[in-house]
Amino acid sequence: MSNRDPLVNNIADLVSDSSFDEESLSFLEDSEDQDLSLKNDTFSSKSAHSDGTVISDHLRRRSSDANTTEKPFQNRVKEPEPFGTVSHGTIANKEMKSPAFQPIRSHENIVTPMPAQNSMRMHSMEPQETDSISKTHNKTPGSLSVSRWRRIGRIGLGPPKRAEYTLSSDVKIPSEIKPINHNIEDDYENDVEMKSSENSTSSPFALPSQASNFPPNTQATSVPNAYDVPMRSEVNPANFEESLFVKPRLKELASDNSSTMKAPSIPLQENHYVHQQQRLHGPPPKMNSLVDQSQNHGVPKFLQDVATVANLPFIKLGIVGKGGSSTVFRIYSPENGRLYALKEVSFLQADFSTVQGYKNEIALLRKLSGNDRIVKLYAAEANNSIGQLNMVMEYGETDLAKLLNKYANKPINLNFIRMYWEQMLQAVQIVHEQNIVHSDLKPANFLLVEGSLKLIDFGIAKAIGNDTTNIHRDSHVGTINYMAPEALTDMNANTDLGVKLVKLGRPSDVWSLGCILYQMVYGRAPFAHLKMIQAIAAIPDDRHQIQFPEIAVPPTANHEASHNSHPHGVVVGPDLMDVMKRCLQRDQKKRLTIPELLMHPFLNPVPSFPSQSPQRNSFSSPDSNTSSKLTTAMSASQLSMIIERSIELSKRKSLPKEIIDNMAYDCISNLQKMPR
Ligand SMILES: Nc1ncnc2c1ncn2[C@@H]1O[C@H](COP(=O)(O)OP(=O)(O)OP(=O)(O)O)[C@@H](O)[C@H]1O
């Protein structure tokens, strides 16, 4: 470590110093230019004086002032016996400190004699009589009280009995308790295909009696739990720590007799975890084989699946994706029973500008992560000892690349395309509003979170740190397929200069989006059928015409039938065709802008426009000079749809107010004319 750049060595400061705040992003606001010139050190020179932070002040205080600040689970449980030497910075035997692993002690709060009629309704999770345990307490000097408890499950990875979670038997569990959704991707597919719940394949891990009730597209978040933490949508990323680690409110649980009371869901989570682990790693190993001394410096295998970020313990459930320098895991918090994603980025090999890129990327992610179209970042920290940056983010069930692959051989669905196209545009617009050109947009950058597309990164680290090697470092081979002609021309033209200059503007992102849209329609990006070297030559070359067939046929479908009569062929339509063509213009200036694309008829379909304005009625026109194009021939539902759309557009300010007012005016006046 010592011979590395001091800045790299000190990357921990990047995430632990409070002096890095939104001011550090001022460089993004400085530029009002339409285009940004990204030079190797452009961003770094502007922000090198700032130290970065991506964790809350609270976390920072915690790490920097350990003597005066209470550690997360300090004093809650007795320190566990060590499982072994833990040498990894991010792997620690912290799980025993979790409140979830803590035997309930405050018996005064919740212990009552077990009633004859048990109020638990846990279906197959109904505890057996053998699960009852009794504890004797000296409540007050000279008096004894006996409490009976039930084991309702074991959580975590600790040896048996260390991680028991107990529940007083008089705590009611609502009958609508639901298992967590284990097979999220399957459920997502079911949702997309609009299959009825009866037809959908239930998760192999779901409890039989409850699986059919489980709503699609919900994850661990929907499980009621004892911690009474906010649902994920209510979690404020800035207060991740507070949101995630709320102490169990067992006192309230015990004293609240209402039928709507939340119930601990630990047995279900445990069940989920055990099954997940078995699916990933096979049946559980015997205890004596858990410690493999030959590898990982004696770290027990079960601890290798535990990660600690910002002192918060998580269980790794498996790898969900890999980037050039990153690995993304699905992780589970025993604290609140929710799933998150952990992105581990190695910065051991990183140079100065790449580190600055990460720093800017994280700062921007933090700044924008409250936005619906940007993935939420909950916590981040750097581990200098192993040269690794850890980021805890919201978990997405899949990304657009995987989704498109899955559906590549099926006939296209125009509504699906329209919906995701709009969401992609909204996401990129947010980035552009920060004066950032992403420059590396591709389907894998869009994550699906509960069916909604969100942008995972802003491309800064790559654009700055390694602008010429994108092609090689990306695991999703073929990102060249989405690169704008100007990016390739610049790359080719400047190789002799010591400093690489990549001159990209917002239109470059529009090209990339056009390629993604093209792939959604035709099953592959416009140049995906070419070898990389051919694509590098063809993309900027005007002579290479991009084909836009009027009928979209899945690329691997049987091509014996002509396109026009192909059973899986779908007519592309003039609006969609127009969008693709206007994005895939080699001349940047001819490409539509994102606001124009959001206003395009493809996203705002209005049935045939008559030339005449409708009669004005009692409604006064906001601007009588702006002629209305709507007709009474439209159905009430079409008109209502347009009204809804206008309100949405008005909120987003993506259309001039005058147009929105007129659209709404016309719809309402036509609706008024309709017979009731
Ligand atoms: N929050 C998340 N939830 C679920 N999966 C994710 C999440 N973030 C990333 N992934 C998955 O991991 C893959 C790689 O993500 P990553 O952000 O590292 O990609 P990348 O930008 O290509 O990497 P790099 O920046 O190192 O080149 C994504 O394509 C996606 O499939």
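Atoms within a ligand are numbered from 1 in the order they appear, just like the ligands themselves. Only this structure's heavy atoms are used, side chains among them; waters, hydrogens and symmetry mates stay out.
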Novice: Could you walk me through whether E344 and K316 pass salt bridge (charged side-chain N to carboxylate O under 4.0 Å, His left out), step by step?
Specialist: CA-CA 12 Å; E344 294 182 349; K316 288 182 179 174; 3.0 Å; yes
Novice: Side-chain contact, heavy-atom cut-off 4.5 Å: K410 with P554?
Specialist: no
Novice: Counting only heavy atoms, which portion of T327 has something under 4.0 Å from ligand 1: side chain, backbone, both, or neither?
Specialist: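 Contact part for T327 vs ligand 1: neither.
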Novice: Please state whether the rings of F416 and Y407 are parallel, tilted or perpendicular, taking 30° and 60° as the class boundaries.
Specialist: tilted
Novice: Pull out every atom of ligand 1 sitting under 4.0 Å from any heavy atom of K343, numbered as shown with elements.
Specialist: 16 (P), 17 (O), 18 (O)
Novice: Considering the heavy atoms of S326, write down every atom of ligand 1 situated less than 4.0 Å from one of them.
Specialist: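 So the answer, numbered in order with elements, is 16 (P), 18 (O), 23 (O), 26 (O).
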Novice: Could you walk me through whether F314 and Y332 pass the ring-ring contact (aromatic ring centres under 6.0 Å, His included) test, one step at a time?
Specialist: CA-CA 5 Å; F314 295 96; Y332 167 78; 9.3 Å; no
Novice: Testing the basics here: between A537 and P540, what is the closest heavy-atom pair and its distance to 0.1 Å?
Specialist: O-CD, 3.3 Å
Novice: Is any side-chain N of the basic residue among R591 and E486 closer than 4.0 Å to the acidic one's carboxylate O?
Specialist: yes
Novice: Where on K322 is there a heavy atom closer than 4.0 Å to ligand 1, on the side chain, on the backbone, on both, or on neither?
Specialist: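 Near ligand 1, K322 shows its backbone, while the atoms from C-beta on stay back.
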Novice: Test your reading of the structure: does A444 have an N or O sitting under 3.5 Å from an N or O of ligand 1?
Specialist: yes
Novice: Return a yes/no value for D399: is any of its N or O atoms, backbone included, closer than 3.5 angstrom to an N or O of ligand 1?
Specialist: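 For ligand 1, there is an N or O atom that lies under 3.5 Å from one belonging to D399.
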Novice: Counting from 1, what ligand 1 atoms have a heavy atom of K402 closer than 4.0 Å?
Specialist: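 Matching atoms, with element in brackets: 31 (O).
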Novice: With only distance considered, is A341 within less than 3.5 Å of ligand 1 through an N or O on each side?
Specialist: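 No, A341 has no N/O under 3.5 Å of an N/O on ligand 1.
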Novice: I'd like to know if the side chain of E394 reaches the main chain of K376, judged simply by a donor and an acceptor atom lying under 3.5 Å from each other, with no hydrogens or angles considered.
Specialist: yes
Novice: Considering only heavy atoms, does K442 approach ligand 1 within less than 4.0 Å through its side chain, its backbone, both, or neither?
Specialist: side chain
